[in-house]
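The structure under discussion appears below in the form of structure tokens.
The first residue in the sequence is number 1, and the count goes up from there. Both ligands and their constituent atoms are indexed starting at 1 by order of listing. We use all heavy atoms of the structure for the numbers below, so side chains are in, but hydrogens, waters and symmetry mates are not.
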Amino acid sequence: MLLKTVLLLTLVAQVLVLENGLLRTPPMGWLAWERFRCNTNCKVDPKNCISERLFMEMADRMAQDGWRDAGYTYVNIDDCWIGGRDDKGHLVPDPERFPRGIAFLADYVHSLGLKLGIYEDMGNFTCMGYPGTTLDKVVQDAQTFAEWKVDMLKLDGCFSTPEERAEGYPKMSAALNATGRPIAFSCSWPAYEGGLPPRVNYSLLANICNLWRNYDDIQDSWRSVLSILDWYVAHQDILQEVAGPGHWNDPDMLLIGNFGLNHEQSQAQMALWTVLAAPLFMSTDLRTISAQNVDILQNPLMIKIHQDPLGIQGRRILKERSRIEVYLRPLSSKASAIVFFSRRIDMPYRYHTSLARLNFSGSTTYEAQNVFSGDVISGLQNDTNFTVTINPSGVVMWYLYPIKNLHMSQQ
Ligand code: GLA
């Protein structure tokens with residue numbers, strides 16, 4: 001009986017604590033899926049098919065074009081890399097598309113100061129039908145990823161039962177920990193259970209996963225961005241508090257640089273994802289991305305806000321009848337990020353408000369820096385009326401911070 005209890009407690013301890021110390025701030029990087037999908041036709045489309053070439057070329061761009069230095073460090077493989085299993089059951093990549101293997105790719109990416117992420121599925125098959133990780137393969141696959149020196153695992157949830165997922169995700173978390181290699185763990189589990197309690201146990205998730213998808217896949221359209229945002233806002237009371245250093249909600253990839261969003265919408269997705277403390281995984285062709293989109297994605301103040309050490313997920317604080325919405329993320333040093341978002345479809349809207357209307361109180365004087373234009377508005381007090389002009393489906397984003405009383409601090 002005692003032995004059983006000890007065993008059980010050890011198991012619980014192993015399962016409940018994801019003490020990998022990773023992702024104290026939300027991850028940033030690049031993930032293949034949204035832009036490159038399951039294009040395996042390297043004969044016809046060698047530049048864009050899922051192959052070592054694609055990941056090496058993206059890694060090159062990330063190291064050379066300022067991405068890595070801005071904080072985008074993960075280069076992540078998604079579905080369609082698997083060739084099968086060898087006679088000992090080890091996963092092997094597709095030999096034609098990844099002829100030098102995943103360990104080679106990891107070394108290459110590491111040599112550039114980047115990290116490599118990989119994808120598998122807790123179930124019989126990946127969502128595109130490649131061999132999955134069944135319960136009996138969890139430990140072996142975790143060891144394989146660690147041997148390859150992989151730095152992040154996205155574990156999808158297609159082709160499994162709820163019971164298999166309930167057993168498999170905690171098991172994989174423990175197996176990754178047991179390898180001794182720090183491997184960030186991205187779980188798609190909640191997305192397969194409707195994303196909400198009671199079917200989803202977010203305190204358990206926060207203990208076993210570093211990030212998790214809660215909702216539908218993003219597609220290359222503004223409508224898709226809005227549907228994800230709407231779901232996050234509808235459930236923000238549940239979702240906001242489960243995010244924090246080491247464990248993040250993941251509303252899916254950034255579309256910036258692709259085909260579905262205009263300039264305003266690209267800025268809006270960037271601003272909203274930043275305020276939601278969401279992982280920033282680009283999924284675009286970094287070989288051809290425009291300077292304008294680079295500016296959105298590499299905006300230093302945006303990234304500083306995104307990486308704020310408090311790691312608090314923001315929320316919508318106001319929804320006006322004018323179809324203007326205001327989002328706020330509390331930041332360290334008494335600062336805040338504020339996003340004024342327009343759902344209008346007519347013309348730029350002059351939104352009149354004050355900090356008091358945004359629930360600020362007290363006598364602090366603030367300064368606001370416009371995150372996209374760099375303009376600074378000084379001397380903002382609670383009752384100061386101000387106007388922001390927000391374009392249709394666009395945002396105005398502020399970094400708001402108390403003005404230090406120079407006189408006081410010199411004393
Ligand atoms: C699911 C996931 C996507 C992607 C595909 C790959 O749909 O949610 O993010 O990984 O599978 O097949």
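- Of all atoms in ligand 1, listed by their number and element, those nearer than 4.0 Å to a heavy atom of Cys127 are 1 (C), 11 (O), 12 (O).
- Ranking protein heavy atoms by distance to atom 5 (C) of ligand 1, first place goes to Trp33 CE2, 3.6 Å.
- In this structure, Lys154 fails the cation-pi test against Tyr119, since its NZ or CZ atom is not both closer than 6.0 Å to the six-membered ring centre and inside 45 degrees of the ring normal.
- Near Met128, meaning under 4.0 Å from any of its heavy atoms, are these atoms of ligand 1: 12 (O).
- At least one heavy atom of Arg213 lies less than 4.0 angstrom from ligand 1.
- Here the protein heavy atom with the shortest distance to atom 4 (C) of ligand 1 is Asp78 OD1, 3.3 Å.
- Exactly one of Leu226, Ile218, Ile228, Val395 qualifies for a side chain to side chain contact (heavy atoms under 4.5 Å, CB included) with Gln269. That residue is Ile218.
- In this structure, Lys154 counts as a contact residue of ligand 1, since one of its heavy atoms falls inside 4.0 Å of the ligand.
- Between the side chain of Lys334 and the main chain of Tyr401, no donor-acceptor pair closer than 3.5 Å is present.
- Between the side chain of Gln265 and the backbone N or O of Asn262, at least one donor-acceptor pair lies under 3.5 Å.
- Of all protein heavy atoms, the one lying nearest to atom 8 (O) of ligand 1 is Asp217 OD1, 2.5 Å.
- For the pair Asp220 (side chain) and Gly260 (backbone), a donor-acceptor distance under 3.5 Å is present.
- When side chains are defined from C-beta on, Arg53 counts as touching Pro46, because their heavy atoms get closer than 4.5 Å.
- One option in Asp156, Ile218, Asp79 has a heavy atom closer to atom 2 (C) of ligand 1 than any other, and that option is Asp156.
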